[in-house]
Engineer: 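Provided herewith is a single structure, encoded as structure tokens, for subsequent inquiry.
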Protein chains: 2
Amino acid sequence: MSSEYSAQHRPDVDPSADPSSNQGTPTRDRIAQQLHLHGLKPTHQRVRVAEILMAAPTHMTAEQILAQIRKGGERVSKATVYNTLKVLAQRGLVRQIHLDPERSVYDSTIVPHHHFHDLETGELKDIDPNDIAFSRFPTLPEGMEAEVVEVVIRLRRKRAADGA
Amino acid sequence: MSSEYSAQHRPDVDPSADPSSNQGTPTRDRIAQQLHLHGLKPTHQRVRVAEILMAAPTHMTAEQILAQIRKGGERVSKATVYNTLKVLAQRGLVRQIHLDPERSVYDSTIVPHHHFHDLETGELKDIDPNDIAFSRFPTLPEGMEAEVVEVVIRLRRKRAADGA
DNA sequence: TTGAATGCAAACGCTTTGCACTCGG
DNA sequence: CCGAGTGCAAAGCGTTTGCATTCAA
């Protein structure tokens with residue numbers, strides 16, 4: 001499942017926010033610092049959750065993150081994963097999205113962007129923000145402003161031209 | 001909550017599908033016929049659910065529909081409302097959408113279209129399809145085709161220019 | 001009549017919460 | 001040390017399901 005359609009941008013917080021030892025530091029320490037910078041106590045569990053989700057631009061469910069942590073032999077409770085994800089989302093470190101009624105997925109890419117949604121696998125892929133532009137856009141209801149604009153392109157495998 | 005942003009199109013099945021007595025028939029009978037045409041036994045409960053949802057272009061949750069039926073003194077079980085909505089959606093008479101992780105809403109407008117989503121009230125408003133056009137659109141993953149393209153514009157009340 | 005649809009309540013899956021225990025600063 | 005964070009299990013909430021009863025054709 002290589003993401004050749006993933007966004008090109010880096011999901012990291014802006015580099016200026018981490019003026020200290022940044023160059024040779026392993027990911028885990030960088031994550032811990034990010035958590036700290038956002039007012040979160042970088043506990044072992046939180047760092048693991050954030051590390052898995054934020055290591056690269058991905059979309060994961062709480063269950064997937066839980067599974068991945070436990071696969072490594074570590075112990076985390078389901079509640080902690082959910083609570084951690086909620087706090088990370090509140091603090092703006094990750095983004096919660098819900099294109100599927102069954103479950104939420106968490107997106108490590110925090111800048112607003114659009115998604116391909118594979119209807120068969122449920123998989124999500126980022127769309128490069130530069131690949132979408134509007135030539136016509138509706139007037140907004142009076143007194144309101146657009147917080148975000150999200151485009152979802154639901155994909156289905158192309159029907160091989162059957163001899164109909 | 002007048003929908004000046006509602007789509008202009010009619011959500012009915014195509015008129016040619018109903019060659020019989022159509023002109024003077026009250027809504028309830030029209031609904032019953034539509035159900036029948038789609039292979040659904042038009043029971044009292046189903047007609048009520050469909051009638052409420054399809055009377056005009058709206059977006060309603062299962063709970064809202066249940067409440068509206070019961071407000072009129074009629075008896076329907078929650079399960080029947082959910083089951084009916086599921087069948088209506090399967091048969092293409094309504095459309096299930098989920099922009100909110102908490103609940104599904106059912107949309108009486110079945111042609112693909114876009115939505116304003118009021119982040120404060122949770123309310124949805126249709127966007128006229130003619131009010132949205134793309135000037136740039138991403139290349140789709142190989143072998144895939146776009147089943148639908150959905151744009152969601154999440155709205156927030158404009159911040160009155162406070163004297164900050 | 002008779003299979004399909006309904007109603008109720010129990011089951012379900014995802015997420016949150018209450019509370020005692022533990023850990024990080 | 002001490003409050004924030006964790007873990008477990010129980011509770012919540014929207015939705016589905018099992019089964020006996022009822023209804024539409």
Side-chain angles (χ1 to χ4, degrees), chain A residues 28-29 31-51 53 59-67 69-70 73-91 93-106 122, chain B residues 20 28-29 31-53 59-67 69-70 73-91 93-106 122:
Chain A
R28 190 161 310 193
D29 290 6
I31 297 284
Q33 286 190 357
Q34 282 190 45
L35 292 178
H36 196 225
L37 287 170
H38 285 260
L40 295 175
K41 196 181 287 187
T43 65
H44 186 211
Q45 292 87 335
R46 283 178 174 177
V47 172
R48 290 297 288 129
V49 169
E51 184 183 10
L53 187 53
H59 311 90
M60 300 182 78
T61 65
E63 289 293 347
Q64 288 173 330
I65 293 171
L66 181 63
I69 295 179
R70 289 187 170 165
E74 299 178 72
R75 301 181 61 274
V76 210
S77 74
K78 184 181 286 198
T80 295
V81 172
Y82 275 103
N83 291 336
T84 298
L85 287 171
K86 187 199 268 191
V87 183
L88 291 179
Q90 283 169 350
R91 295 301 213 279
L93 284 161
V94 303
R95 184 175 264 263
Q96 182 183 23
I97 55 190
H98 24 265
L99 306 180
D100 195 312
E102 305 300 299
R103 67 196 67 68
S104 283
V105 316
Y106 289 85
Chain B
S20 57
R28 191 162 309 193
D29 291 6
I31 298 284
Q33 286 190 357
Q34 281 190 46
L35 292 178
H36 195 225
L37 287 170
H38 285 260
L40 295 175
K41 193 181 288 187
T43 65
H44 186 212
Q45 292 86 336
R46 282 177 173 176
V47 172
R48 290 296 289 130
V49 169
E51 185 182 8
I52 287 172
L53 186 53
H59 310 90
M60 299 183 77
T61 64
E63 289 292 347
Q64 289 173 328
I65 293 171
L66 181 63
I69 296 179
R70 289 187 170 166
E74 298 177 73
R75 300 180 60 272
V76 209
S77 73
K78 185 181 285 197
T80 296
V81 172
Y82 276 104
N83 292 336
T84 298
L85 288 171
K86 187 198 267 189
V87 184
L88 291 180
Q90 282 170 350
R91 295 301 214 281
L93 285 160
V94 304
R95 184 174 263 263
Q96 182 183 24
I97 55 189
H98 24 265
L99 306 181
D100 195 312
E102 305 299 300
R103 69 197 68 68
S104 284
V105 316
Y106 290 85

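All values derive from a computational prediction rather than experimental measurement. Proteins come first, then strands; the chains are lettered A, B, ... in the order of their sequence lines, and each starts at number 1.
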Engineer: Apply side-chain hydrogen bond (donor to acceptor under 3.5 Å, both in side chains) to B/Gln45 and list each qualifying residue two or more places apart in sequence or on a separate chain.
Structural biologist: none
Engineer: Tell me, please, the opening and closing nucleotides of DNA chain C, 5' to 3', among those with an atom under 4.0 angstrom from a non-hydrogen atom of chain B.
Structural biologist: C/dG3 to C/dA9
Engineer: Kindly compute the distance separating CD1 (B/Ile69) from CZ (B/Arg75), expressed to the nearest 0.5 Å.
Structural biologist: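 Spacing of CD1 (B/Ile69) from CZ (B/Arg75) equals 12.0 Å.
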Engineer: Could you list where the contact with chain B starts and ends along DNA chain D, reading 5' to 3', using a 4.0 Å heavy-atom cut-off?
Structural biologist: D/dG14 to D/dA25
Engineer: Step through the shown structure and confirm whether more than 12 heavy atoms of other residues, nucleotides or ligands are within 6.0 Å of NE2 on B/His36.
Structural biologist: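 12 or below, so no.
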Engineer: Could I get the full list of side-chain hydrogen bond (donor to acceptor under 3.5 Å, both in side chains) partners for B/Arg95, not counting sequence neighbours?
Structural biologist: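 Scan of B/Arg95 (side-chain hydrogen bond (donor to acceptor under 3.5 Å, both in side chains), adjacent residues dropped) gives none.
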Engineer: Heavy atoms only, 4.0 Å cut-off, all strands: where does A/Thr61 land among base, sugar-phosphate and nothing?
Structural biologist: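 Nothing, no nucleic acid heavy atom in range.
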Engineer: With sequence neighbours left out, what residues match A/Arg70 under side chain to side chain contact (heavy atoms under 4.5 Å, CB included)?
Structural biologist: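 A/Arg70: side chain to side chain contact (heavy atoms under 4.5 Å, CB included) contacts with A/Leu66.
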Engineer: Sequence neighbours excluded, which residues qualify as side-chain hydrogen bond (donor to acceptor under 3.5 Å, both in side chains) partners of B/Thr80?
Structural biologist: B/Ser77
Engineer: Given axes from five pairs at either end, by how many degrees does the helix from C/dT1-D/dA25 to C/dG25-D/dC1 bend, rounded to 10°?
Structural biologist: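 Its terminal axes enclose an angle near 30°.
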Engineer: CD1/B/Ile31 to CZ/B/Arg48 distance, rounded to the nearest 0.5 angstrom?
Structural biologist: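 B/Ile31 CD1 to B/Arg48 CZ: 10.5 Å, rounded to 0.5 Å.
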Engineer: With sequence neighbours left out, write down each residue that passes side-chain hydrogen bond (donor to acceptor under 3.5 Å, both in side chains) with A/Glu63, or none if nothing qualifies.
Structural biologist: A/Lys78
Engineer: If you take any heavy atom closer than 4.0 Å to DNA chain D, which residues from residues 78-90 of chain B end up in contact?
Structural biologist: B/Lys78, B/Ala79, B/Tyr82, B/Asn83, B/Lys86
Engineer: Indicate, with a heavy-atom threshold strictly under 4.0 Å, whether A/Pro101 touches base, sugar-phosphate, or nothing.
Structural biologist: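 No contact at all - A/Pro101 keeps every heavy atom at 4.0 Å or more from the nucleic acid.
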Engineer: Is any side-chain heavy atom of B/Val105 closer than 4.5 Å to a side-chain heavy atom of B/Asp100?
Structural biologist: no
Engineer: With heavy atoms under 4.0 Å as the rule, sort A/Glu102 into base, sugar-phosphate or nothing.
Structural biologist: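 Sugar-phosphate, backbone atoms only, no base.
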Engineer: Restricting to pairs with a member in residues 82-91 of chain B, which pass side chain to side chain donor-acceptor pair (under 3.5 Å), not counting sequence neighbours?
Structural biologist: none
